[in-house]
Amino acid sequence: MKFDYKNIEPKWQKAWADAKIFEAVDFDSRPKWYGLVEFPYPSGAGMHVGHIKAYSSVEVLSRKRRMQGYNVLFPIGFDSFGLPAENYAIKTNTHPHIITEKNIAHFSDQLKQAGFSFDWSREFATSRADYYKWTQWIFLKLFEKGLVFRSKTLVNYCPQCKVVLSNEDSQGGKCDVCHSDVVQLSKDVWFLRITDYADRLLDGLNDVDYPDSVKQQEVSWIGRSTGAFVNFKVAGTDDNLEIYTTRCDTLYGVTFMVVAPEHPILDKYKAQISNWDKVEAYREECAKKSEFERTQLVKDKTGVKIDGLTAINPITGKEIPLFIADYVMMGYGTGAIMAVPAHDQRDYDFAKAFGVDIIEVIKGGDITKEAYTGDGEMINSGFLDGFTNKKDSIAKMLEKLEEMGIGHKGVQYKMKDWAFNRQRYWGEPIPLIHCPECGTVGVPESELPLTLPDVENFEPGQEGKSPLAEIESFVNCKCPKCGGAAKRETDTMPQWAGSSWYFLRFCDANNAEAFADKKKLEYWMPVDHYNGGMEHVTRHLLYSRFWHQFLYDIGEVNTPEPYAKRTYQGLILGPDGEKMSKSKGNVVDPLDIVEKYGADTLRTYVMFMGDYTSATPWSDEATRGCKRFLERVVGLVDIATATAEDADIENKLHKTIKKVSEDIENMKFNTAIAAMMALINDFYKAGSITKSDLEIFIKLLSPFAPHITEEIWETLGNNPDGKTFCTMSAWPTYDESKIQDSKLKIGVQVNGKVRGVIEFSPDASKEEVIALGKADEKVASFLEGKELVKEIYVPGKILNFVVKN
RNA sequence: GCGGGUGUGGCGAAAUGGUAGACGCAGCAGACUCAAAAUCUGCCGACCAUAAAUCAUAUGGGUUCGAGUCCCAUCACCCGCACCA
């Protein structure tokens with residue numbers, strides 16, 4: 001038999017598709033298993049070997065589950081709204097719809113050629129109206145429940161892409177799409193109240209099986225902190241300046257206050273501020289800095305003392321100066337802080353630079369040198385003096401503040417509400433209408449989908465306006481409430497909208513009456529295993545958990561969390577060890593590999609190249625090694641001539657069944673393949689194997705290399721009707737009695753160093769083993785003339801003689 | 001600065017506290033061949049002519065009969081967050 005992958009692979013891909021064996025069956029009585037991979041953004045560049053690796057883990061698991069008798073849902077679709085398609089459309093003057101559908105066709109072809117066992121009958125794309133109708137529907141539900149709001153605040157804005165970005169989309173001060181510096185602009189935009197779900201997003205992590213690194217990243221992104229809000233009186237006014245602090249017990253050490261440059265109190269008391277020129281100049285200076293400069297580069301404290309405006313320390317009654325400084329951010333807490341220079345390094349640096357008093361209130365450090373942030377006894381703190389426990393002193397102060405009516409306990413999150421709109425064309429139109437009489441009104445459900453109108457020009461408009469704003473027939477409409485003339489919202493949803501619920505649509509992808517049938521959702525959800533990239537942990541994963549939790553709250557879905565288990569894959573680096581990128585020219589195209597070595601080789605290699613979660617460079621030579629392995633597998637057909645079972649081969653085969661079964665469950669695909677390679681080396685050494693040995697072996701290999709194993713299966717006469725596939729055959733189980741060794745082989749140590757190896761039957765007594773160890777020539781030479789202090793025998797593991805001179 | 005992770009041959013990597021380097025790549029030698037490729041067989045951490053011994057899992061300590069694995073410290077690299085009050 002020959003390894004004729006060019007004919008074999010298309011042949012079986014067609015046979016499986018014709019037999020519809022990968023189509024999931026709703027309400028089937030077999031146990032369900034829902035495996036999910038992050039559906040791709042269909043870029044013009046086509047698929048990447050990284051996609052192959054990302055999808056192969058759940059692919060292998062899905063194929064194994066089918067063989068284990070599960071009703072498997074392993075779907076695929078396309079996350080097809082987004083900026084790259086739109087930018088390409090602008091460049092080539094082609095409608096993004098045309099480009100997107102072309103790219104989808106290309107991606108589908110690549111995925112099929114790689115032999116993925118997706119259920120194509122459930123395929124959809126987020127940019128098609130029958131899908132985004134329901135994205136809009138969910139948005140309207142969020143709107144109805146008050147989770148959508150509009151606010152004019154400082155937002156992240158990418159000057160390159162000309163869009164407002166969410167916090168998640170501008171991590172590190174860089175635009176997620178084009179990586180240029182993001183600037184802060186005051187803009188009137190739509191937000192989703194994801195912070196209402198902050199605690200739920202945290203608590204939900206206790207009930208799901210995610211890697212710790214994933215959980216930790218979500219926890220730190222949400223950034224929950226507990227503390228207190230305290231009001232400081234603005235001297236000579238009835239106004240209060242509210243601050244947030246996690247250490248209200250250090251209030252006696254507060255010697256000044258700082259507000260963010262954008263803080264509204266400044267404008268309010270403009271008339272009172274005698275150095276307004278300086279204040280304004282500083283504000284302008286800050287506004288020019290990018291978020292990156294403001295947070296990362298400048299560590300020297302800058303600021304301006306506000307002359308003519310002071311505050312009162314509520315606990316000491318003392319008048320304290322007020323500053324503006326850009327080390328205080330408007331976006332966290334209240335945009336104003338109480339400064340405790342003795343115990344906060346930033347406040348300390350600022351106090352030193354501006355000559356403000358530093359009062360020690362916690363003993364233990366040397367405040368002439370630096371701020372002391374450790375624990376210690378409270379001093380100079382009135383009723384708190386003598387407290388040594390942080391918890392107690394905070395609680396006591398809180399009690400006092402509440403009594404005085406000037407403070408209360410509070411919680412803050414680093415996570416911000418989700419800026420939910422883009423001033424671009426290629427996205428879901430936001431289904432809202434602005435009526436001069438009724439305010440903002442949702443588009444009636446019966447009018448969904450609110451379809452994206454055809455336009456000639458996709459260029460983002462002036463002053464950050466969406467191209468939709470130019471289309472009068474779209475903009476002008478009637479208010480659904482009062483029937484008067486009204487205008488449509490012209491912004492579109494961000495790229496993460498469609499992917500925030502797509503796993504639900506797969507449960508019932510062709511439903512025109514609902515986003516998915518409830519009974520089907522109940523049957524399929526939650527997703528049993530979801531694999532994807534680490535880069536989505538604080539974006540898509542968080543957003544989709546939020547939407548799902550919301551849908552759970554309004555009774556639309558039956559599980560509180562969407563994904564029972566989440567895993568991630570490591571990157572495939574270029575052959576040079578660098579991250580693959582077009583500009584470096586080190587990108588490997590999966591179709592080239594399919595052409596040169598076949599899909600089975602590609603699939604086997606991406607799973608064999610290293611630990612699944614770590615980044616591994618691509619190696620064309622090592623890929624050839626996997627092809628060699630598959631050729632040797634084909635060669636087994638010629639030696640499957642034995643008529644009687646060989647005990648040693650049976651032992652090795654059953655050990656391999658156990659190892660491969662367990663390794664797949666533990667995502668240790670590399671060692672699973674290594675074990676199969678080792679096994680066929682043993683097969684060849686044995687000279688011949690039975691047909692049954694070969695059948696079991698190809699079943700184990702089938703999830704990795706489904707085509708060639710299917711061909712061998714047929715060659716062996718197991719598929720007489722063309723529909724009895726290896727792919728759907730029963731997963732092998734191992735026989736416990738067959739994995740017992742007839743002989744044990746262990747190392748013999750003298751003082752912990754291996755000096756010999758002995759072999760004996762498993763029922764040998766300790767005495768017999770020790771005698772055997774002593775009899776070993778080499779061991780004996782190390783024992784000679786020494787005093788034997790101790791004999792340690794760990795059955796089946798090791799024998800160690802401890803000797804003294 | 002905070003959080004998480006990694007460090008093992010020429011390379012990708014394996015090793016429930018128990019024979020370090022499975023498996024693969026590259027390399028070397030041999031077989032087949034007129035020859036080459038492919039294939040097959042053998043070797044393949046360092047030191048060494050060879051064997052033995054010795055050394056060897058980033059570095060330095062420790063626990064243990066025994067440490068790549070556990071503990072402490074240090075260094076290097078990677079990822080995430082970051083003037084978060």
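Letters A, B, ... mirror the listed sequences (proteins, then strands); counts begin at 1.
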(request) Classify the nucleic acid contact of A:Val794 as base, sugar-phosphate or nothing, counting any heavy atom under 4.0 Å across all strands shown. (result) base

(request) Could you tell me whether A:Asp344 contacts a base, only the sugar-phosphate backbone, or nothing, with contacts defined as non-hydrogen atoms closer than 4.0 Å? (result) nothing

(request) With heavy atoms under 4.0 Å as the rule, sort A:Ser220 into base, sugar-phosphate or nothing. (result) nothing

(message) Can you tell me if A:Lys753 touches the phosphate of B:A20, counting only side-chain N or O atoms and a distance under 4.0 Å to OP1 or OP2?
(response) no

(request) Check whether any side-chain N or O of A:Tyr543 sits under 3.5 Å from a backbone N or O of A:Thr538 as a donor-acceptor pair, and report yes or no. (result) no

(message) Over all strands shown, is A:Asp347 touching base, sugar-phosphate only, or nothing at heavy-atom distances under 4.0 angstrom?
(response) nothing

(request) Let me have RNA chain B in dot-bracket notation, would you? Count Watson-Crick plus G-U wobble pairs, both distances under 3.5 Å, and use [ ] for pairs crossing earlier ones and | for inter-strand partners. (result) (((((((..(((.....[....))).(((((.......))))).((.......))..(((((..]....))))))))))))....

(request) Using atom types as modelled and distance alone, determine if a side-chain donor or acceptor of A:Arg545 lies under 3.5 Å from a backbone N or O of A:Leu201. (result) yes

(request) Round to a whole Å and report the spacing from CD of A:Glu621 to P of B:C23. (result) 20 Å

(request) Could you tell me whether A:Arg628 contacts a base, only the sugar-phosphate backbone, or nothing, with contacts defined as non-hydrogen atoms closer than 4.0 Å? (result) sugar-phosphate

(request) Run the salt-bridge test on A:Lys627 and A:Glu631 with the 4.0 Å N-O cut-off and return the result as yes or no. (result) yes

(message) By the 4.0 Å heavy-atom rule, please label A:Asn670 as base, sugar-phosphate, or nothing.
(response) sugar-phosphate

Between the protein and nucleotides 5-12 of chain B, which nitrogen or oxygen pairs are less than 3.5 angstrom apart?
residue : atom : partner  : partner atom : Å
B:G12   : O2'  : A:Met609 : O            : 2.5

(request) Please determine, for the side chain of A:Gln749, which listed nucleotide (B:U19, B:A85, B:C23) has the closest atom? (result) B:U19

